[in-house]
Every structure is written in C-alpha cells, then in structure tokens.
J.: 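Structure incoming, see below.
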Amino acid sequence: MSDISNGPVAVVALGGNAITREFEEGNIYQQFANTRRALKGIVDLIEAGYRLAITHGNGPQVGNALIRVEATRHLVPPIPLGVLVADLEGGMGYMIEQTMQNTLHLRGLKRQVITLLAQVIVDKDDPSILNPTKFVGPFYKEEQIEQLAQERGYIIKEDFGRGWRRVVPSPYPRSIVEVEIIKELVQRGIIVITAGGGGIPVYVESDGRLEGVDGVVDKDLASAVLAEEIEAHDLYILTAVDKVALNYNSPQRQPLDVLSCSDAERYLNAGHFPRGSMGPKIEAAIHFLRRGGRRVIICAVEQLADAIRGMAGTQIVP
Ligand code: ADP
Ligand code: MG
C-alpha cells in the first residue's frame, strides 16, 4: 500500500438522503440500492488514491428503531437511545462496508474497508443536556405524556403542531475516543466507516470513566471533529442540494460556488443557514477550517467527483 501513502486524506459525510430518500418507504433493499448509488463517486476518489474516513447520518433509522422499541416493550426489554445509536453504527456500517467492498471488487481495486464504532466525548453540562430540544421517535397523545415522564423520565414537548414527541440532547462533540486507531488505519489507506449518526455521545466522569448519554450528536459536527483530529486535508459533506445558497427559500436565491470561512460565519449569523439542516454543515466547515482544514466541499451525492475539480458544489476555504 506504499503507493497511497501520499494520497490526500479526507472525511466524507454521507447525508441521510444518501441512504433513505424522502419519497421512499426506506426498506432495506432501497437502503442498499441508495448506498450503491452514493458510493459511486466516493470510489472514484479511492481509485485516484485518496485515503478516506466515511461518516453517515442515521435520522430515519434511529426514528424507526425508537418506534420498534415502543411497539415491543411488552415483549422484550427496551434498548436505550445511546445503545440504539451504537446498534445503527454497526448495522448501517455493515451495509456501507459490504457495498463498498463489492464496488471495489467489481472495479478491481484492492483496498480494505472496516467499520469502527466511535464514542464521541461531550460536556457533561452541555446546554442541550440540561435543556434537550431534538425531537426523536414516535408521536404520543397529550394524555400520555404525564405518565411517560414519570415512568420513563422522558422529556416530551410539542413538535410544532405535529403532535407530542420526546426530545433528547444533541450535545456538541468535543473529541472522539477511538481517534488514534482511526487515524492510524486511515493513514495506512484503510477505508474507515465511523461516527455513524454522529457517534455515541459519552461524557467523562470525574474518576475518568466514560458514561453514555441518551442523545444524538449532529453528524456534520462530529465529522468536522473527526476530520480535525485525524488531520484530514479536506472534509466533503454530501447532501441533497447541489450548492449552498443565500436566501435559500426565496426568489432571490443565490447559489454559491466558493465561500470564505469568514463570509460563511457572517451569513450563518445573518440567518441564511437554518439550525436543523444547512446550519450544522456550515458550522462544521468553520470548525474544521479554523483548526487546520484545507477545504470543505458541500455538494450533491452524485457530484462529488466534479466538485473536487471545482466544477460543482460549494467550496469553503480558509
Ligand atoms: P442531510 O441529511 O444531508 O444532513 P439536511 O436536510 O439536514 O440533509 O440538510 C440539507 C438541506 O438543507 C438541503 O437539502 C436543503 O433543503 C436545506 N437548506 C436549508 N438552507 C439551505 C441553504 N441556505 N442552502 C442550501 N440548502 C439549504
Ligand atoms: Mg442533517
């Protein structure tokens, strides 16, 4: 593998729509088919000698897992959210890993692929742990919420007229527990699938032990921390839109080809990038570029190869 020891190092973050699409049911066959489609452009990079870590979202999958837990709690013991996130890092990682292995095999490329569970360290007193706001799982009836709060300790809030739903912390990622081994594997040219769904949030107790948090970490922010910590050159965030835009939901919409870090921050503060969608991607870009990152690309899943050549997507630079 000596020929790839000089290849660029990048973290590729796969958006939720790369694996489940809004208009589909999201069954396993569709998830595999979408994964094959999403990995095409990534394998082009591997062929060109890139060394990669791949992260992915888990929004629809973790929602379904919570619905399964609720629907079966009279039959089998419930699994807490932190463990569901871990299950999905493994299950979705398997799906991406095997699809990657098959694609590499068909294209005659000899590179190893491994899925590695990541725990992500967060602050014990992160504001979102004290006041959770991220909606997850099934909807409940208003008359159930008192009992759910008492029996299970859930915090339940109204999801903008859609109904009552559990909220969980989405704490800010500080660092990744397994980062040294991830870095070593990536440097050797092994493709590492990790920090799926943002990784499993944990905090460090005063005696040094790790303790899990029943919450979810934003996958874009976790990807930025991973990219920083493995000293990647680039971070590629693959999503459902071709480019980042100003005035996104208006006739004055203005797609951007290149964006400096300081302009990104200015537009973020001016409200161009909403909290639940483009906001964390821009925050992730700023985080990474301020800590040694060379370039961030935000582009559509199919356009990665073109975007690397500056012919698609939005480039964010220091
Ligand atoms: P992912 O699953 O890839 O994280 P998200 O739905 O969380 O995707 O975020 C990407 C979405 O953000 C886009 O599909 C688009 O609808 C939305 N969006 C919001 N504001 C903007 C903006 N200013 N420019 C581009 N897309 C935006
Ligand atoms: Mg998102």
Side-chain angles (χ1 to χ4, degrees), residues 11-24 26 30-31 34-35 37-39 41-42 54-64 85 88 92 95-96 120 128 133-136 159-160 168 170-173 195-199 201 215-227 235-261 263-288 296-304 307 312-316:
V11 171
V12 184
L14 283 173
N17 84 300
I19 296 165
T20 39
R21 304 215 259 180
E22 232 169 79
F23 52 87
E24 290 179 350
Q30 292 165 339
Q31 292 193 38
N34 292 331
T35 304
R37 189 179 51 92
L39 292 187
I42 299 179
I54 299 172
T55 67
H56 59 87
N58 73 355
Q61 288 80 6
V62 84
N64 288 345
V85 173
L88 284 167
M92 295 185 74
M95 194 165 61
I96 297 168
V120 175
S128 95
T133 55
K134 170 120 186 123
F135 289 103
V136 291
D159 189 354
F160 314 113
V168 297
S170 186
Y172 198 89
V216 290
V217 174
D218 181 85
K219 72 110 180 23
D220 296 312
L221 297 178
S223 304
V225 170
L226 176 68
L235 169 63
Y236 308 138
I237 301 177
L238 309 190
T239 185
V241 282
D242 294 350
K243 287 175 199 284
V244 178
L246 300 181
N247 307 307
Y248 181 67
N249 270 325
S250 90
Q252 284 78 44
R253 175 170 170 174
Q254 187 191 334
L256 301 167
D257 295 328
V258 186
L259 187 58
S260 73
C261 200
D263 281 347
E265 188 159 50
R266 199 155 50 81
Y267 296 139
L268 179 68
N269 292 334
H272 288 279
F273 312 127
R275 280 192 158 275
S277 57
M278 190 49 72
K281 298 186 199 310
I282 299 295
E283 268 187 71
I286 295 168
H287 178 106
F288 176 57
V296 176
I297 294 174
I298 300 176
C299 68
V301 171
E302 307 78 23
Q303 293 187 328
L304 178 59
T314 299
Q315 322 261 333
I316 310 172

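Just follow the structure's listing: the first ligand is 1, and inside any ligand the first atom is 1.
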J.: Count the heavy atoms of every other residue, nucleotide or ligand shown that sit under 6.0 Å from NZ of Lys243, and state whether that count exceeds 12.
T.: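 Result for NZ/Lys243: enclosed.
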J.: What atoms of ligand 1 come closer than 4.0 angstrom to any heavy atom of Val244?
T.: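 In order of numbering, the contacting atoms are 24 (N), 25 (C).
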J.: Among all protein heavy atoms in this structure, tell me which lies nearest to atom 21 (C) of ligand 1, with the distance rounded to 0.1 Å.
T.: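 Its nearest protein heavy-atom neighbour is Tyr248 CG, 3.4 Å.
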J.: Report the part of Lys243 (side chain from C-beta onward, or backbone N, CA, C, O) that has a heavy atom under 4.0 Å from ligand 1; answer both or neither where that applies.
T.: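 The backbone, only.
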J.: Against heavy atoms of Phe273, which atoms of ligand 1 measure under 4.0 Å?
T.: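 Counting from 1, the qualifying ligand atoms are 23 (N).
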J.: Show the nearest heavy-atom pair for residues Thr20 and Pro60, with the distance to one decimal.
T.: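 Closest pair (atom of Thr20, atom of Pro60, distance): OG1-CG, 3.1 Å.
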J.: Touching ligand 1 at all, Pro274? Heavy atoms, strictly under 4.0 Å?
T.: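 Yes.
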J.: Where do Asp220 and Ala13 come nearest, in terms of heavy atoms and distance?
T.: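 It is OD1-CB, 4.5 Å.
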J.: Take the angle between the ring planes of His287 and Tyr172 and call it parallel below 30°, perpendicular above 60°, tilted in between.
T.: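 Tilted: the ring planes of His287 and Tyr172 meet at 30° to 60°.
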J.: State, to 0.1 Å, how close Pro280 and Arg275 come at their nearest heavy-atom pair, and which atoms those are.
T.: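 That would be CD-O, 2.9 Å.
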J.: Just to check, does Gly276 reach to within less than 4.0 Å of ligand 1 when the distance is taken from its heavy atoms?
T.: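 Distance cut 4.0 Å: Gly276 passes for ligand 1.
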J.: Numbering the atoms of ligand 1 from 1, which are under 4.0 Å from a heavy atom of His272?
T.: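 Atoms satisfying the 4.0 Å criterion: 23 (N).
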J.: Can you name the closest pair of heavy atoms from His272 and Asn247 and give their distance?
T.: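 For His272 versus Asn247, the nearest heavy atoms are ND1-N, 3.0 Å.
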J.: Which residue holds the protein heavy atom closest to atom 4 (O) of ligand 1, what is that atom called, and what is the gap in Å?
T.: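 For atom 4 (O) of ligand 1, the nearest protein heavy atom comes out as Lys281 NZ, 2.5 Å.
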J.: Relative to the heavy atoms of Ala240, which atoms of ligand 1 are at a distance of less than 4.0 Å?
T.: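 Answer, ordered by atom number: 14 (O).
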J.: For a quick test of reading the model, state the closest non-hydrogen atom pair linking Ile237 to Ala284 and the distance between them.
T.: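 It is CD1-CB, 4.4 Å.
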J.: Nearest protein heavy-atom contact for atom 13 (C) of ligand 1: which residue, which atom, what distance?
T.: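 Atom 13 (C) of ligand 1 sits closest to the protein heavy atom Val241 CG1, 3.7 Å.
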J.: Once you restrict to heavy atoms under 4.0 Å, what part of Lys219 touches ligand 1? Side chain, backbone, both or neither.
T.: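 Lys219 to ligand 1: side-chain contact only, backbone stays beyond 4.0 Å.
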J.: Tell me if the CZ atom of Arg266 is crowded by more than 12 foreign heavy atoms within 6.0 Å.
T.: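 More than 12 within 6.0 Å, yes.
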J.: Rounded to the nearest 0.5 Å, what separation is found between the NZ atom of Lys281 and the OG1 atom of Thr239?
T.: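 Lys281 NZ to Thr239 OG1: 4.0 Å, rounded to 0.5 Å.
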J.: Looking only at heavy atoms, which two atoms of Thr55 and Ser223 are closest? And how far apart?
T.: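 The answer is OG1-OG, 2.8 Å.
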J.: In the protein, which heavy atom is nearest to atom 23 (N) of ligand 1, and how far is it?
T.: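 I find the closest protein heavy atom is Ala245 O, 2.7 Å.
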J.: Geometry only, no angles: is Gly16 polar-contacting ligand 1 at N/O separations under 3.5 Å?
T.: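 Right, the criterion is met.
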J.: Please state which protein non-hydrogen atom is closest to atom 8 (O) of ligand 1 and give its distance, to 0.1 Å?
T.: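 It is Thr239 OG1, 3.3 Å.
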J.: Got the closest protein heavy atom to atom 19 (C) of ligand 1, with its distance?
T.: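 It is Ser277 OG, 3.4 Å.
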